[in-house]
Novice: 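Once you've had a glance at the structure underneath, I'll fire off some questions.
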Amino acid sequence: MQRFGLLLVCLLSVAFFARPALTQRPVTLSFLIQAQEASKWPAIIQQFEAENPGIRLNLVEGPNPTNQVEDLYTAAFLLGKAPYDLVYMDITWVPKFAAAGWLLDLSDRIAREELAQFLAADVEGGRYEGGLYRLPFRTDFALLYYRKDLLEEAGLKPPKTFDELMQISQNLKAQAKAEWGFVWPGRQYEGAAAMFVEILKGHGGFWIDPGTGEVGLDQPPAIDAVRFLRSTIEQGVSPPGVTNYAEDQVRFLFQSGGAVFMRNWPYAFPLANAPDSPVRGKVAIQPMVSAPGGESGACKGGWGLGIAKTTRHPQEALRAIQFISSLNTQRDFMLETGYVPSRPTLYADSQIVAKYDYYPQLLAVAEQAVLRPPIPQYAQASDILQRYLSAAFSGQLSPEQAMQRAARETRALLGRYQGGAG
Ligand code: GLC
């Protein structure tokens, strides 16, 4: 009897003490992120977990190319039971993920006043058919980098047009000031499609009109845009290797002093000016050039967070995405990494400007950047474009042939979906 009593006491005390322990087990929120960026996240995670003891963030490292990360999320959601609670999304994925029903609509969860604190186009990029599916974190827009030391020594002004960019490149190459003129990402992947958007815009063309589903790839401005890129290789201004370069290969070449001009995202600026960089202090940035009278158009990129519809922890997930996109987290992250914020006030923030004095000048580019077509079939449309751009860059097809085929396939793709591109 005594033994029984003791057992009962033991059991009761286990039940009593174990219960709170069980209910207090932290909730874990998982999400996938590009490896290159994942290494920059530990500080955010630490801070968030310190402020939210009941929530853990589990960051899963994915490959670097954005389309490969997209494929991994897509496969996980298609298979059902996706292991992700948060979805760290490139701006181009939103319509597809939202249309597929993989994301929670955040419209009622985020106050209008809070949304007004972000760059308008970044918020717009998170919307689909009236819903809101992504809170912006870091934005992105491409820039033209140039060697201000070389231009100044030669008494040349920075270029405004594609022709001027070619002339300056050839001039400085002829004087053996640099091995190459212009380096750009021509590899068959999303980076090339993003870059093409701005060369296209600079020539006055368009890719897909999201309202009407009209395709502009076989129109003269689009063919001229491809011709221009191809001519940089044919005329020896760009190395033939650009057809296989992603952003980081482009950056390596420019940063080692091998080129006068580079097209890249803002992340490259602090790296080009790092203490061990051969071009430290010799680099300037400006918006991408355009055809005479044309408009310069930086491609709008950028990353933000959504919540997977299948998560069992929507409250905690909301808390996490609000923390991550907050002013303070963005400030800390941008100070550490040199990425660019999605909150306009940070471009004039005293701490940011003390570290990056060029940020105020970036805001105008951020506000004018051009979205890639915001349509659910974006991934397939981009895939078509990438294939034909690659064929034209490497000389397998002429710019006309390549763009005619790209336009035909894109029209077939959009026609397959009811209601055109919508
Ligand atoms: C950057 C941009 C993203 C774009 C990608 C292409 O990560 O932020 O929007 O799709 O580059 O490589």
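When a ligand or atom number is given, it counts from 1 through the structure's own listing order. What you see is a predicted model, and the numbers here were worked out from it, not measured in a lab.
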Novice: To check you understand the geometry: which heavy-atom pair defines the closest contact between Q36 and D248, and what is its length?
Specialist: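 Here Q36 and D248 meet closest at NE2-OD2, 3.1 Å.
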Novice: Once you round to the nearest 0.5 Å, how far does CG of L397 lie from CZ of R387?
Specialist: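 L397 CG to R387 CZ: 11.0 Å, rounded to 0.5 Å.
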Novice: Tell me which one of W265, Y339, W303 gets a heavy atom nearest to atom 11 (O) of ligand 1.
Specialist: W265
Novice: Can you name the nearest heavy-atom pair linking D140 to G302, along with the distance?
Specialist: CB-N, 3.4 Å
Novice: How close does the nearest protein non-hydrogen atom get to atom 1 (C) of ligand 1, and which residue and atom is it?
Specialist: D140 OD2, 3.4 Å
Novice: Would you mind listing which atoms of ligand 1 come within a distance below 4.0 Å of any non-hydrogen atom of E190?
Specialist: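 Once the distances to E190 are compared, the set is 10 (O).
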Novice: Numbering the atoms of ligand 1 from 1, which are under 4.0 Å from a heavy atom of T66?
Specialist: 5 (C), 6 (C), 10 (O)
Novice: Would you say the ring centers of F137 and W41 fall short of 6.0 Å from each other?
Specialist: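 Judged by ring-centre distance (under 6.0 Å), F137 and W41 do meet the cut-off.
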Novice: Check for me whether the distance between the ring centres of F97 and Y133 falls short of 6.0 Å.
Specialist: no
Novice: Sort out for me which residue in R127, R343, K300 forms a salt bridge (Lys or Arg N to Asp or Glu O under 4.0 Å) with D122.
Specialist: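 For D122, the salt bridge (Lys or Arg N to Asp or Glu O under 4.0 Å) test succeeds with only one of R127, R343, K300, which is K300.
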Novice: Given N264, N67, D90, which has its nearest heavy atom closest to atom 4 (C) of ligand 1?
Specialist: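 The residue whose heavy atom sits nearest atom 4 (C) of ligand 1 is D90.
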Novice: Do we see a donor-acceptor contact under 3.5 Å between the side chains of E295 and Q368?
Specialist: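 There is no such pair (donor and acceptor under 3.5 Å, judged by atom type) between the side chains of E295 and Q368.
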Novice: Nearest protein heavy-atom contact for atom 6 (C) of ligand 1: which residue, which atom, what distance?
Specialist: E247 OE2, 3.5 Å
Novice: So is G302 in contact with ligand 1, going by heavy-atom distances below 4.0 Å?
Specialist: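 True for this residue.
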Novice: For R372, is the nearest heavy atom under 4.0 Å from an atom of ligand 1?
Specialist: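 It does, in that a heavy atom of R372 comes within the 4.0 Å cut-off of ligand 1.
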Novice: Out of all atoms in ligand 1, which are within 4.0 Å of some heavy atom of G191? Include the element for each.
Specialist: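 With G191 as reference, the close atoms of ligand 1 come out as 6 (C), 12 (O).
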Novice: Please determine whether any non-hydrogen atom of T92 lies less than 4.0 Å from an atom of ligand 1.
Specialist: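 Checking ligand 1 against T92, which is what was asked, there is no heavy-atom contact under 4.0 Å.
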Novice: Hey, is ligand 1 close enough to Q34 that some N/O pair sits below 3.5 Å?
Specialist: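 No.
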Novice: Using a 4.0 Å cut-off to any heavy atom of G301, which atoms of ligand 1 qualify?
Specialist: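 Counting from 1, the qualifying ligand atoms are 8 (O), 9 (O).
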Novice: With respect to Y388, which candidate in Q404, Q188, R405 satisfies the side-chain contact (heavy atoms from CB on, under 4.5 Å) definition?
Specialist: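 Considering Q404, Q188, R405, a side-chain contact (heavy atoms from CB on, under 4.5 Å) with Y388 is found only for R405.
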